[in-house]
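The structure appears below as structure tokens.
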Amino acid sequence: MSSETPIRDGLCVYCGTARPVTKPICPQCGRTWIDTKIGEELPALTPEIVAASKEERRALAAVEAEAELASAEQRRPWGLLVGAFVGLVAIVAIIIAASGGDDGDQPVAGSTPATTQAPTTSAPGTTAGGATDTTTAPTTSTTATTTTTTTTTTTTIPPIEPEGAAVPLDELTLGAFALGPFRFDTGAYLGRLVASLGQPDSKTAADTDLGLCPEEEGTAYTWGALTAIFRIEGEEEILVGYRLDDTGTEHPTQQIASRSGLQLGHTIEKLDAIYLASGLALEEVDGTPTFLLLRSSDDATLLWGPVSGLGTTDVVEGIYSPRSCDGGPIPSV
């Protein structure tokens, strides 16, 4: 792409802050824009800027934690009430099941099975005097017994309680270190995602295949194209990443985009145009053609995902956050 392509307004890929085009670094976190023009000189990240950025993030995390605690305290009475109601319903169901053993559809012991009278047929004949003779066929009683066995296996996820206000789908943007307003490693946001997307389609165990370290345990919840990855810490599930995969369906999550506008189905050419001056590697990762969007300062992975091929007209089939364990994958060269 030409280095004369103008810089557009956008959001910081690290913290989501709205960026003025006249500033070379983010006023919130102090990091350089990843779509800065090639060759443009940038100010160095001084220790003062880095320290201030860390302090701001620490203060924000403390405020978010305090808000989550206050919200949990407000929900506690409702949780107790719901639990009591569920217990009452279970008791009523047990009583009904215990009293419903002898209903009108069950056979009574010692009774005689019903019989079915076969139709009476007449066979025409002729007597010696030429008159028509009608002979009645013998009657046969028949009892038929049919047994049908049906086996059904159903797996369901217990309902997850929504928490807080719903986040509009167009605000659940894909960042390097956040999913919309939910920053990785800072909180248990499953309830907020349920409030925003509804109950998940599935829940599975998460392991190294989804970016966790070998000694960690986790869970993954899926809504259509979106999989949110959580690490288990004690009794909490902490959001640590996501994967957006093209499922070929009409599920709304197919339309989720990165903070700079990348979507599933965009071509490699468009990917390069969106992230003009960032490093872009196209290579095989574990045998799959993959794009790696890299930070220009140190080649750290910002976004990555499978593509249909390595040519400019091939398309993006998945958009992933960096692996939570090692920040990878990293380019081979």
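The first residue of the sequence shown is numbered 1, and numbering continues consecutively from there. Computed from a predicted model, the values in this text were never measured in an experiment.
Within the structure, no pair that satisfies the disulfide (SG to SG under 2.5 Å) test touches residues 158-209, not counting sequence neighbours.
Under a 3.5 Å cut-off, the side chain of S297 and the backbone N or O of R295 do not form any donor-acceptor pair. Put simply, the side chain of T301 never gets that close to the backbone of G328: no donor and acceptor are under 3.5 Å apart. In this structure, the side chain of S321 does not engage the main chain of G241 through any donor-acceptor pair within 3.5 Å. E216 contributes a side-chain N or O that, together with a main-chain N or O of C213, makes up a donor-acceptor pair within less than 3.5 Å. In this structure a side-chain-to-backbone donor-acceptor pair under 3.5 Å is missing from R323 to L210. Judged by distance alone, the side chain of R259 and the main-chain N or O of G180 form a donor-acceptor pair under 3.5 Å. Judged by distance alone, with hydrogens and angles left aside, the side-chain atoms of E317 form no donor-acceptor pair with the main-chain N or O of D246 at under 3.5 Å. Distance alone, capped at 3.5 Å, places no donor-acceptor pair between the T208 side chain and the G211 backbone.
Between K203 and I160, the closest side-chain pair of non-hydrogen atoms is not below 4.5 Å. Side-chain contact between D201 and H251 is present, with heavy atoms from C-beta onward closer than 4.5 Å. The side-chain heavy atoms of P289 and D314, taken from C-beta on, include no pair separated by under 4.5 Å. In this structure, E269 and T313 have side chains that are not in contact, with every pair of non-hydrogen atoms separated by 4.5 Å or more. Between Q254 and T247 there is a side-chain heavy-atom pair separated by less than 4.5 Å. Counting heavy atoms from C-beta outward, L193 and W223 have side chains that approach closer than 4.5 Å. Side-chain atoms of T267 and D272, non-hydrogen and from C-beta on, never get closer than 4.5 Å to each other. You'll find the side chain of P181 stays beyond 4.5 Å of the side chain of E171, heavy atoms only.
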Go through it in stages, so that I can follow the logic: the residues are L172 and L197, the test is side chain to side chain contact (heavy atoms under 4.5 Å, CB included), and I'd like the CA-CA distance, side-chain angles, deciding distance and then a yes or no. CA-CA 10 Å; L172 284 177; L197 299 172; 4.0 Å; yes
Give the C-alpha distance, both sets of side-chain angles, the deciding distance and a yes or no for side chain to side chain contact (heavy atoms under 4.5 Å, CB included) between S258 and L303. CA-CA 9 Å; S258 76; L303 295 174; 4.0 Å; yes
Chi angles and distances behind the side chain to side chain contact (heavy atoms under 4.5 Å, CB included) call for F177, D185: CA-CA 9 Å; F177 309 108; D185 293 301; over 6 Å; no
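Under the 4.5 Å side-chain heavy-atom criterion for Ile, Leu, Val, Met, Phe, Trp and Tyr, L293 and I256 are members of the same hydrophobic cluster. Under the 4.5 Å side-chain heavy-atom criterion for Ile, Leu, Val, Met, Phe, Trp and Tyr, I238 and F184 are members of distinct hydrophobic clusters. Placement of Y242 and L239 within a single hydrophobic cluster is found when ILVMFWY residues are connected by side-chain heavy-atom separations under 4.5 Å, directly or transitively. No continuous path of ILVMFWY side-chain contacts below 4.5 Å connects L179 to I232, so the two sit in separate hydrophobic clusters. Linking Ile, Leu, Val, Met, Phe, Trp and Tyr whenever their side-chain heavy atoms come within less than 4.5 Å puts L244 and I274 in one cluster.
Taking each heavy atom of L212 and C325 in turn, the nearest pair found is C-CB, 3.7 Å. What you find for I268 and L282 is that their closest heavy atoms are CG2-CD1, 3.6 Å. The shortest heavy-atom contact between P322 and A176 is CD-O, 3.1 Å. Pairing each heavy atom of G164 with each of A195, the nearest pair is O-CB, 3.7 Å.
Under the 3.5 Å distance criterion, with hydrogens and angles disregarded, a donor-acceptor pair is assigned to the side chains of T227 and T222.
Within a 6.0 Å radius of CD in E250, other residues, nucleotides and ligands contribute 12 heavy atoms or fewer. For L169, the CG atom is densely surrounded, since the number of other residues' heavy atoms within 6.0 Å is greater than 12. Around CG of D298, the count of heavy atoms belonging to other residues, nucleotides or ligands within 6.0 Å exceeds 12. By the 6.0 Å contact criterion, CD on E217 is open, its count of non-hydrogen atoms from other residues, nucleotides or ligands being 12 or less.
Relative orientation of the Y221 and F230 rings is perpendicular, given thresholds of 30° and 60° on the angle between their planes.
Annotation: ring-ring contact (aromatic ring centres under 6.0 Å, His included) contacts of F291 (sequence neighbours excluded): none.
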